[in-house]
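Shown next, in structure tokens, is the structure this report addresses.
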There are 2 protein chains.
Amino acid sequence: MGKCEQCIIKQFNSLKTLSQEELIRISECKTSRVVKKGEVIFEEGDSLKGIYCIREGICKLTKLSSNGKDQIIKLVVKGELIGQRSLVSDESVNLSAVALNDMEVCFIPKSEIMNDLQKNTAFTFDVLKEMAMDLKEADDIIVNMAQKSVRQRLAETLIYINDNFGTKSDGTLSVLLSREDFANIIGTATESTIRVLSQFKKEDLITTIGKQIKIIDLEGLKRVE
Amino acid sequence: MGKCEQCIIKQFNSLKTLSQEELIRISECKTSRVVKKGEVIFEEGDSLKGIYCIREGICKLTKLSSNGKDQIIKLVVKGELIGQRSLVSDESVNLSAVALNDMEVCFIPKSEIMNDLQKNTAFTFDVLKEMAMDLKEADDIIVNMAQKSVRQRLAETLIYINDNFGTKSDGTLSVLLSREDFANIIGTATESTIRVLSQFKKEDLITTIGKQIKIIDLEGLKRVE
DNA sequence: TTATGAATATGACATATATCATATTTCAAA
DNA sequence: TTTGAAATATGATATATGTCATATTCATAA
């Protein structure tokens, strides 16, 4: 199994602040796991026994609304940690994590992480910093949900995915989502999402190849009202 | 001026984890200030030079949407800290803080807080814990905004205020908000808020005395769809 | 007390979005 | 390759909510 102290993935998250010895200790108790597309990593309500470091792939963090619909709160990619919030506040997880493609994740037991959180201020501070960023993003999402139209939210979601996760060689968005996933991100009906995508096509803002989406007028998308 | 080490307010926030010496140091550099109803404590985009501890009163944290409307993200009351997120991520604040009634706040300079964040793990961890709670609440708000009707969101807001901030002796909600404030919390037009409040009155879920609101059927409000 | 502007309230209408029905396409399994 | 289920697409219609106009009430200063 790979060694944490040599793993380049940790550069992208708070684990980078840990010392060589701390990383070796983690390396000795961590477990690695392959998660197939569609598989659940953890589910809302689970009590987590540790956190996950994503070595490969993408997953969605979702929350079930009381009306039975799933809301996607965040997309999480290679390099990021998931499960910290629940560990820190010592509660069951408030979100489910579901793989959007085949993934490889490392599981680090709670005891090891909590130990580092108690002894390594730099680590704690970095986790805090990341959470502060998450909170700011959440605030932005609240405003968007409350104040913007479905058209605007879909345009911004496409731009967000383009800017943060990039495109494939053919120009299509590298994160492949179903229309239903898009609907669950922007908080609307699947049909509405499909309809607005059709409008965007007619307006030459995007093209689609099957379920793949290619942005052809990024500036135009930014101007969508 | 009051002394932090003797102040009971700190029991309600992360400052409680600080040592006597740390509190005395803070006490020596903090400043106290009265904020009148409607006054701005800080504004979106400001770079904060410290954090605020609320000794008395209530304020709203708002964010301006690109369409020009204010969204209220959170109500903050006596005992809580504001400004930590911005300090931690070393960015300008992403929210404005506006007094909803006359307040008394203490300002603690950045340098002092950052010093404690670097040296006192218990303090850092407690700030982290609070932020984890904020993040969870934000996730809940996102789901509500995305999936629930204005009617449901207003009902839940009334319940939230009732449960978290209580009522006066006459039974009216102790946090007094304008209809516009309610609209800005639930992300709707002021007229819609007023209309739904009228419906609630007709359905004997609430009564109003001027702008004051009194819940008369809490269970009924919980069942609103 | 009266006067005046702001907040609250309500109606009429416009519009965005949801819902339900039904094609059509895509893709994987047989 | 064929087949069937799931995903995508589009139409028709219902409904919630926004917008604009206009009363009405309330609070506060003069």
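These figures come from a predicted structure and were not determined experimentally. Residue numbering restarts at 1 for every chain, and letters A, B, ... go by the order of the sequence lines. All heavy atoms count here, side chains included; hydrogens, waters and symmetry mates do not.
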key: Axis bend over the full length of the helix from C:dT1-D:dA30 to C:dA30-D:dT1, computed from five pairs that close each end, to 10 degrees   = 40°
key: N/O donor-acceptor pair under 3.5 Å between A:Asn13 side chain and A:Gly79 backbone   =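 Between the backbone of A:Gly79 and the side chain of A:Asn13 there is a qualifying donor-acceptor contact (under 3.5 Å).
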message = Heavy-atom nearest nucleotide on DNA chain C for A:Arg153 versus B:Arg179: which residue maps closer to 5'?
response =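 In this pair, the answer is B:Arg179.
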Whole-Å distance separating the [atom1] atom of [X] from the [atom2] atom of [N]:
| X | N | atom1 | atom2 | value |
| --- | --- | --- | --- | --- |
| A:Ile213 | D:dA7 | CD1 | C1' | 13 Å |
| B:Lys148 | D:dT17 | NZ | C1' | 18 Å |
| A:Gln212 | D:dA7 | CD | C1' | 14 Å |
| A:Asp181 | D:dT8 | CG | P | 9 Å |
| A:Gln147 | D:dT17 | CD | C1' | 14 Å |
| A:Leu177 | D:dT8 | CG | P | 10 Å |

key: Closest non-hydrogen atom pair, A:Thr207 against A:Ile216   =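 Scanning both residues completely, I find the closest heavy atoms to be CG2-CD1, 3.8 Å.
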inquiry  = As an exercise, state the distance from SG of B:Cys53 to CZ of B:Phe12, rounded to the nearest 0.5 Å.
reply    =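 It is 10.5 Å, given to the nearest 0.5 Å.
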Hey, is [atom1] on [X] packed in by over 12 heavy atoms from elsewhere, all under 6.0 Å?
| X | atom1 | value |
| --- | --- | --- |
| B:Glu225 | CD | no |
| A:Ile209 | CD1 | yes |
| A:Lys16 | NZ | yes |

Please table the atom pairs, donor to acceptor, closer than 3.5 Å between any side-chain atom in residues 177-186 of chain A and protein atoms at least two apart or in another chain.
unit_1: A:Ser178; atom_1: OG; unit_2: A:Glu180; atom_2: N; d: 3.4
unit_1: A:Ser178; atom_1: OG; unit_2: A:Asp181; atom_2: N; d: 3.0
unit_1: A:Ser178; atom_1: OG; unit_2: A:Asp181; atom_2: OD2; d: 3.4
unit_1: A:Arg179; atom_1: NH1; unit_2: A:Lys211; atom_2: O; d: 3.0
unit_1: A:Asp181; atom_1: OD1; unit_2: A:Lys60; atom_2: NZ; d: 2.9

What I want to find out is whether [X] reaches [Y] closely enough, with some N-O distance under 4.0 Å, to be called a salt bridge.
| X | Y | answer |
| --- | --- | --- |
| B:Lys136 | A:Glu91 | yes |
| A:Glu156 | A:Arg153 | no |
| A:Asp140 | B:Lys63 | yes |

message = What contact category does B:Ser149 fall into here, base, sugar-phosphate, or nothing, at under 4.0 angstrom with non-hydrogen atoms?
response = sugar-phosphate
query = What nucleic acid atoms does B:Lys201 come within less than 4.0 Å of, heavy atoms only: base, sugar-phosphate, or nothing?
reply =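 Counting heavy atoms under 4.0 Å across all strands, the contact made by B:Lys201 is with sugar-phosphate only.
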task = Would you kindly say whether B:Thr208 and B:Lys201 are connected by a side-chain donor-acceptor distance under 3.5 Å?
result = yes
Below 3.5 Å is the cut-off: list the nitrogen or oxygen pairs between protein and nucleotides 18-20 of chain D, distance only.
unit_1: D:dG18; atom_1: OP1; unit_2: B:Thr188; atom_2: OG1; d: 3.1
unit_1: D:dG18; atom_1: OP2; unit_2: B:Thr188; atom_2: OG1; d: 2.4
unit_1: D:dG18; atom_1: OP2; unit_2: B:Ala189; atom_2: N; d: 3.4
unit_1: D:dG18; atom_1: OP2; unit_2: B:Ser192; atom_2: OG; d: 2.5
unit_1: D:dT19; atom_1: OP2; unit_2: B:Lys69; atom_2: NZ; d: 3.4
unit_1: D:dT19; atom_1: O4; unit_2: B:Arg195; atom_2: NH2; d: 3.0
unit_1: D:dC20; atom_1: N4; unit_2: B:Glu191; atom_2: OE2; d: 3.3

task = Using chain B heavy atoms and a threshold of under 4.0 Å, write down where along DNA chain C the contacts begin and end, 5' to 3'.
result = C:dT8 to C:dA12
key: Passing candidate, side chain to side chain contact (heavy atoms under 4.5 Å, CB included) with A:Thr167, options A:Thr172, A:Ile161, A:Asn162   =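 Among A:Thr172, A:Ile161, A:Asn162, the one meeting side chain to side chain contact (heavy atoms under 4.5 Å, CB included) with A:Thr167 is A:Asn162.
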remark   = Nucleotide by nucleotide, nucleotides 23-30 of chain D touches protein heavy atoms under 4.0 Å in the pattern (B base, S sugar-phosphate only, - none) --------
request  = If the plane angle is over 60° it's perpendicular, under 30° parallel, otherwise tilted; pick one for B:Phe165 and B:Tyr160.
outcome  =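 Taking B:Tyr160 first and then B:Phe165, their aromatic rings stand perpendicular (interplane angle over 60°).
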Please output the side-chain donor-acceptor pairs of residues 93-108 of chain B that fall under 3.5 Å, not counting sequence neighbours, one pair per line with the distance.
unit_1: B:Asn94; atom_1: OD1; unit_2: B:Arg85; atom_2: NE; d: 3.4
unit_1: B:Asn94; atom_1: ND2; unit_2: A:Asp139; atom_2: OD2; d: 3.2
unit_1: B:Ser96; atom_1: OG; unit_2: B:Glu44; atom_2: N; d: 2.9
unit_1: B:Asn101; atom_1: OD1; unit_2: B:Ile58; atom_2: N; d: 2.9
unit_1: B:Asp102; atom_1: OD1; unit_2: B:Lys37; atom_2: N; d: 2.9
unit_1: B:Glu104; atom_1: OE2; unit_2: B:Arg55; atom_2: NE; d: 3.1

